[in-house]
Amino acid sequence: MKIIRSSLLLAGILLSFGSMAETDPKTLKPDIRRDHKVYIVQLADKPLVAYEGHIPGLAATKPNANAKLNPQSSQYRHYADFLRARRDTVLASVPGARKVHEYQVAFNGFAALMSSKDAEALRARKDVLGVWEDKLLKPQTDSTRDFLGLTGFFGPWLWGVTGEDIVIGVIDSGVHPEHPSLADTPTPRRGNRGRAVPYGPVPDHFVGEGCDFGNSEFNPADAPFECNRKLIKAESFSDAFLTVNTLADYEFPRNAASPAKSGVIYRKSEKLKVFT
């Protein structure tokens, strides 16, 4: 029987239940204050997934091995309230900032529209670990298996470690779901050699649904697409970027070259050759 595990790749941040504030994209308009940009702020307190209970009166929320966070538990709720209060205190120290998102599950902090002066003021606080501008970035490679060193002589493929049945969440720059590298066709057991192995059903432990393609009302090139057994979920989250930009072409998972504007869930990561 195969052992199925799940893994989450966080490119800085952040796809996790209950960790983002909801925003209606239709209400987003570019901010006219050109000296203000969106910054991501990380606070010193541990996020929910990593808190081990060192604060008196607040029980640990870090899950045990092979367990998951329980949002219904009292310790989860109490520590989440504590983190929220700490975030509010930090944000209040820069009155000119406007909050866009909050993060608490895998990353503790917030995203806010602010000036560079405000960002520097936050960097000087002892309860702030880091402040980063939300920038427009581009992919570094279109050959992921080589970039990750999977195909080298001492790489994991040589030893039969191919990521079979692992589920991976990727904050991505956009994905073309029709690309052959995302088809759920049988693939070699040892990465690039061996007997072809078909994809089975999506693991029961995977929580999530939705294949956010087909927004042709806004982008005629965004044809509908039904996720398969390899590309099992896609979601757009462009709110922060659209706060200071009007690039409608970057609003959906299919679109490339945006700064972490979509999230996609893959299986068998060793076959991910092209992301855009």
Side-chain angles (χ1 to χ4, degrees), residues 1-11 14-17 19-20 66-69 105-106 139 141-151 155-216 219 221-238 251-256 258 260-276:
M1 181 175 68
K2 294 180 180 178
I3 298 176
I4 299 177
R5 297 178 295 174
S6 75
S7 175
L8 180 65
L9 295 184
L10 301 177
L14 303 156
L15 284 178
S16 52
F17 54 85
S19 62
M20 290 194 204
N66 300 318
K68 296 183 179 181
L69 283 171
V105 176
T141 180
D142 62 357
S143 182
T144 307
R145 62 182 188 177
D146 296 332
F147 180 75
L148 295 178
L150 302 178
T151 56
W157 280 7
L158 179 66
W159 308 102
V161 180
T162 60
E164 182 73 21
D165 282 333
I166 291 177
V167 177
I168 298 177
V170 180
I171 295 183
D172 207 295
S173 63
V175 59
H176 290 283
E178 298 88 357
H179 194 279
S181 69
L182 297 176
D184 56 356
T185 54
T187 51
R189 179 178 292 277
R190 295 178 65 86
N192 55 357
R193 62 177 69 87
R195 181 173 62 86
V197 180
Y199 286 87
V202 175
D204 292 337
H205 69 262
F206 175 72
V207 178
E209 60 183 8
C211 199
D212 197 7
F213 297 103
N215 295 285
S216 53
N219 179 4
D222 189 20
F225 182 85
E226 292 187 10
C227 285
N228 53 41
R229 290 185 172 185
K230 180 172 186 177
L231 177 60
I232 61 180
K233 178 178 171 62
E235 181 178 353
S236 172
F237 44 97
S238 303
E251 294 186 30
F252 308 109
R254 186 185 299 271
N255 307 125
S258 63
K261 290 284 90 61
S262 64
V264 290
I265 309 296
Y266 304 98
R267 297 177 68 197
K268 292 182 70 176
S269 61
E270 75 280 4
K271 303 301 181 295
L272 301 185
K273 301 175 183 177
V274 178
F275 286 118
T276 60

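Heads up: numbering here begins at 1 and tracks the sequence.
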Query raised in the report: Does the D184 side chain pair with the main chain of G200, one donor and one acceptor, at a distance under 3.5 Å?
Result: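 Not at all, since once roles are kept as given, no pair shorter than 3.5 Å links the two residues.
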Report summary line: Applying side chain to side chain contact (heavy atoms under 4.5 Å, CB included) to D146 and not counting sequence neighbours gives S143, T151
Report task. With the side chain counted from C-beta on, respond yes when V197 and P186 share a heavy-atom pair under 4.5 Å apart, and no when they do not. Result ->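 No - every pair of side-chain heavy atoms lies 4.5 Å or more apart.
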**Report entry** Beyond-backbone contact of P201 with R229, side-chain heavy atoms, under 4.5 angstrom
**Finding:**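 Yes; the side chains approach each other to less than 4.5 Å.
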Query raised in the report: Taking all non-hydrogen atoms of both residues, which atom of A183 and which atom of N228 are closest, and how far apart?
Result: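 Taking A183 first and N228 second, the nearest heavy atoms are CA-ND2, 4.2 Å.
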Report task. Could you walk me through whether T187 and Y199 pass the side chain to side chain contact (heavy atoms under 4.5 Å, CB included) test, one step at a time? Result -> CA-CA 8 Å; T187 51; Y199 286 87; 4.2 Å; yes
Query raised in the report: About how many Å separate CD of E226 and CG of L231, when rounded to the nearest 0.5 Å?
Result: 12.0 Å
Query raised in the report: Rounded to the nearest 0.5 Å, how far apart are CZ of F225 and CG of L182?
Result: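 The distance works out to 7.5 Å.
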